[in-house]
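Please read the structure below before turning to the comments.
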Amino acid sequence: GAGVSQSPSNKVTEKGKDVELRCDPISGHTALYWYRQSLGQGLEFLIYFQGNSAPDKSGLPSDRFSAERTGGSVSTLTIQRTQQEDSAVYLCASSLGQFNEQFFGPGTRLTVL
Amino acid sequence: KNEVEQSPQNLTAQEGEFITINCSYSVGISALHWLQQHPGGGIVSLFMLSSGKKKHGRLIATINIQEKHSSLHITASHPRDSAVYICAVRSYGGATNKLIFGTGTLLAVQP
């Protein structure tokens, strides 16, 4: 389909392991966002990519979190040395431009044991 | 105090009822979004608005910039409308297009 896709849909890992979450935005969308939704919590912003500009990383909760966007398309969110409090649904969204409607992916449910 | 507040947190309605969900925010914004999230499902954008009113099917969204308030209305509600409705604002200025989210309103429409 033409929507935002994310993989894996579910990830179970052990505390201390590294994980990589992938996002494929809608083709042609220059803006890409990562959000997190923890159980019982609202959505929170993590990081934002816009074209070739430096990403806004102001929402990343710790230096264990990082993200890349290669070739202005696919993005990977990496969490190093995972902790139980990292368990959440990680959502990716993309938009045509900086001020356009955002389209959300189905999310990756991360469980850290 | 959260920058985006929604009310009510939980809402139960009978099929056919008119429903209103409210959103108040405390920051200057360039746009406000209403999102829908079904249980176990992804998030769908319903509206993005910066002034006035928008209508899509049985859904209507209004915003009053001066009062920093928005409402989402559902006419002739149906059980399939049962979902979490989330208000999110894009703060004004800066290079970031990040959204600030409300905590959501859980709507249950009973047949």
- Task: Could you tell me which residues satisfy ring pair (Phe, Tyr, Trp, His ring centres under 6.0 Å) with B/His78, sequence neighbours excluded, listed by chain and number?
- Result: none

- So, for A/Gln102 and B/His33, which heavy atoms are closest and what is the spacing to 0.1 Å? N-CE1, 4.4 Å

- Any link between A/Leu46 and A/Val89 through a network of hydrophobic side chains (Ile, Leu, Val, Met, Phe, Trp, Tyr) touching at under 4.5 Å? no

- Greater than 12 external heavy atoms within 6.0 Å of A/Lys57's NZ: no

- Report, as yes or no, whether the 6.0 Å neighbourhood of atom CD on A/Glu101 holds more than 12 heavy atoms from other residues, nucleotides or ligands. yes

- With a 4.5 Å heavy-atom cut-off (strictly below), which parts of residues 43-65 of chain B touch chain A? List them by number. B/Ile43, B/Ser45, B/Met48

- Greater than 12 external heavy atoms within 6.0 Å of B/Glu67's CD: no

- Proximity breakdown for B/Ile86 and chain A, heavy-atom pairs closer than 4.5 Å: side chain

- Flag if over 12 foreign heavy atoms under 6.0 Å of CD, A/Glu14: no

- Message: So, applying side chain to side chain contact (heavy atoms under 4.5 Å, CB included) with B/Leu99, which one of A/Phe45, A/Tyr35, A/Tyr33 is it?
- Response: A/Tyr35

- Query: Is it the backbone or the side chain of A/Ile47 that comes under 4.5 Å from a heavy atom of chain B, or both, or neither?
  - Reply: neither

- Message: Atom CD of residue position A/Glu68 - does it have more than 12 heavy atoms of other residues, nucleotides or ligands inside 6.0 Å?
- Response: no

- Count the heavy atoms of every other residue, nucleotide or ligand shown that sit under 6.0 Å from CG of A/Leu113, and state whether that count exceeds 12. yes

- Item | From A/Leu43 atom CG to B/Ile100 atom CD1, the distance as rounded to the nearest 0.5 Å | 13.0 Å

